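Since the structure is predicted, the reported quantities are computational estimates derived from the model, not experimental observations. Labels below follow one simple rule: chain letters A, B, ... track the order of the sequence lines, proteins then strands, and each chain is numbered from 1.
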Amino acid sequence: LDFSTPRYLYWLFCQFELITCSYLMEPWEKVLFYSFNLAMLGLLLYTTYVCLAFHASSAFQLLCSFLGNPRENSLSVVK
Amino acid sequence: MANPSAVCNGHLHHHNHQKQNNLLKSGISKKNGITKGMKKNGVSNGTLYKKTFIEHFEQAPMYVAVFTFVGFAVGTIFGYLRDFMRAWGLEKRNIAAEREQQKDFVPLYQDFENFYTRNLYLRIRDNWNRPICSVPGPQFDLMERVTDDYNWTFRFTGRTIKNVINMGSYNYLGFAETDVNALKTVTIELEKYGTGVCSTRQEMGTLDKHVELEKLVAKFLGVEDAMVFGMGFATNSMNIPALVGKGCLILSDELNHTSLVLGARLSGATIRIFKHNNMQSLEKLLRDAIIYGQPRTHRAWRKIIILVEGIYSMEGSIVRLPEIVSLKNKYKAYLYLDEAHSIGAVGATGRGVVEYFGMSPNDVDVLMGTFTKSFGAAGGYIAGKKDLVDFLRTHSHSAVYATSMCPPVAEQIIRAMKCLMGLDGTTQGLQRVRQLEKNTRYFRRKLHEMGFIIYGNDDSPVVPLLLYMPGKIGAFARRMLEKNIGVVVVGFPATPITESRARFCVSAAHTREMLDTVLNALDELGDFLHLKYSRYSKSAHPELYEESRLELED
């Protein structure tokens with residue numbers, strides 16, 4: 001099983017079509033369905049990106065504050 | 001009473017003896033009835049089953065059920081969308097509607113009732129009602145049909161698709177043939193009697209052919225007398241009301257055929273349903289019936305009759321006849337056995353489930369069967385004791401009102417039955433039965449090995465292959481037709497909504513090459529559509545030897 005060949009991707013797309021019954025739809029219904037799905041997916045990715053960026057930056061700041069303070073303390077101890 | 005415990009096939013959490021009501025439908029493969037090692041007190045009182053009784057009802061992995069529901073949800077949403085567009089005039093309505101002047105009356109055509117038909121069935125409607133234009137033998141010819149407006153209307157292109165391998169006809173013994181030598185007697189009778197009978201049995205419709213046929217059927221089954229009717233469905237629906245009435249109790253299997261259900265409802269008796277092939281459920285119902293009697297008055301029931309089928313055509317399962325007979329003898333009930341699919345198809349000499357289990361026909365009170373499936377004709381019979389059949393001759397609705405069987409068809413049954421019994425001097429009948437057995441076993445074994453989920457008993461020629469998802473129903477049937485193989489796919493409402501399937505009917509007329517063609521096509525298609533859900537596929541090793549060479553012909 002070669003996971004990157006176009007044939008495998010086409011097969012995966014066929015599976016998606018069969019499972020969601022888009023195989024049975026008329027062309028305009030398919031367009032509607034796929035655009036809806038892509039829109040939802042895009043929204044999901046955008047929300048993930050924004051939220052993750054926010055959480056990642058706040059977590060990084062927290063981590064920096066932990067790292068920063070002991071360094072200052074050790075300096076004061078050394079001094 | 002010998003109660004075979006369920007030997008589990010990997011489902012350890014079902015291994016409790018108290019709750020055996022959900023045995024078969026929850027994916028346990030029941031093995032051999034011999035439970036000497038598993039009985040509690042070690043007293044072996046013999047077994048009811050003389051040969052192994054292996055049935056498979058495997059459950060698919062959970063993701064399959066999830067995907068099936070996803071498919072139906074998407075289909076339903078789009079159905080609502082299309083209905084909305086149709087109601088608001090954004091799309092042309094092709095369905096029946098009232099006239100403008102009648103819009104304010106009580107609606108004739110309720111839109112929602114046929115929601116499923118209109119939106120889901122219609123999309124894959126081209127896989128059913130395909131007209132064929134030859135005899136439905138092991139191969140047949142199809143008329144080519146195309147649709148221009150997504151299955152609302154069809155038109156014929158005028159061409160025929162030739163030699164499509166037939167995996168859907170109930171041609172178990174291969175008697176649907178056009179060989180001139182085989183049909184010699186039928187042609188003679190056709191020229192002697194013509195085609196119409198133009199009368200009912202009680203008026204002037206009883207021909208000497210019917211008497212000859214009835215005697216032959218009685219001899220074939222080993223009973224005292226039999227009566228034949230012109231239509232198999234009508235045999236059930238018209239004779240059950242003659243046998244039972246108000247104040248009687250009918251215990252009918254969950255998955256009984258519509259003809260049995262219709263007959264039971266027409267009779268006016270009380271109907272109680274027991275779980276499919278589940279003897280504990282049946283026994284509980286019998287005990288309740290005898291203990292509590294009729295609903296309000298608590299009087300004893302006038303008659304208790306158990307309605308079962310020999311082979312269930314949607315599941316491929318065989319009835320547990322020995323257990324039912326022992327139950328019926330214990331609780332003094334009557335047994336009505338509908339052998340529509342099993343007569344001719346199972347049993348060492350083709351005499352049905354009674355012979356398959358090694359029992360005597362006297363154990364079953366009413367033996368019913370049809371000639372449509374294994375005999376290549378039309379009609380049905382009811383056989384049993386002479387008193388029963390004489391009663392039916394006078395009291396059956398079919399005898400009084402329905403036209404009797406037409407003579408050439410009766411002759412076809414006579415010649416098929418004589419062939420089966422060996423009365424025509426050849427062993428062709430027995431060869432057909434053996435060939436069917438071989439074909440069935442080969443087909444089922446190969447499908448199991450490939451990894452498909454197959455329901456039913458290992459010996460039944462009806463092979464349902466589970467498809468589950470609604471999208472795959474259409475894809476499967478269409479692609480098989482492209483490969484020149486005709487299959488029957490079934491979905492809701494004939495099956496439960498999540499368990500749509502393709503049903504194969506193995507025939508004695510199929511050669512090994514035809515079966516191999518079908519199996520190769522199924523292999524390819526199974527990989528492409530991802531249908532191989534079975535988690536218990538038998539052998540993963542390649543064939544060590546070529547099976548056909550080592551097989552000894554009997």
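Summarising the geometry, atom CD1 belonging to Ile19(A) is positioned 11.0 Å from atom CG belonging to Leu529(B); distances are rounded to the nearest 0.5 Å. For the atom pair Arg478(B) CZ and Tyr23(A) OH, the distance stands at 5.0 Å (nearest 0.5 Å).
At least one side-chain heavy atom of Leu32(A) sits under 4.5 Å from a side-chain heavy atom of Phe78(B).
Scanning both residues, Glu29(A) and Arg82(B), for their nearest heavy atoms gives OE2-NH1, 2.6 Å. Annotation for Ala475(B) and Leu18(A): closest pair CB-CD2, 3.5 Å, computed over non-hydrogen atoms. Smallest separation of non-hydrogen atoms from Val74(B) and Phe33(A): CG1-CE1, 3.7 Å. The heavy-atom pair separating Gly71(B) from Cys21(A) by the smallest distance is O-SG, 3.4 Å.
For OH of Tyr10(A), the number of neighbouring non-hydrogen atoms (other residues, nucleotides, ligands) closer than 6.0 Å is 12 at most. Annotation for Trp28(A): atom CH2 counts as buried by contact number, over 12 foreign heavy atoms lying within 6.0 Å. Applying the 6.0 Å contact sphere to CZ of Phe69(B) captures no more than 12 heavy atoms from other residues, nucleotides or ligands. Residue-environment remark: CZ (Phe36(A)) stays at or below the threshold of 12 foreign heavy atoms within 6.0 Å.
Of the atoms belonging to Asn119(B), not a single heavy atom falls under 4.5 Å from chain A. If you measure heavy-atom distances from Gln15(A) to chain B, the contacts under 4.5 Å come from the side chain alone. The contact between Leu81(B) and chain A is made entirely by side chain atoms (from C-beta outward), counting heavy-atom distances below 4.5 Å.
With chain A as the partner, the residue from Phe528(B), Tyr150(B), Phe67(B), Tyr468(B) showing the most heavy-atom pairs under 4.5 Å is Tyr150(B).
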Original post:
Does the side chain to side chain contact (heavy atoms under 4.5 Å, CB included) test come out yes or no for Trp11(A) and His530(B), once each step is laid out?
Top reply: CA-CA 10 Å; Trp11(A) 180 79; His530(B) 194 61; 4.0 Å; yes
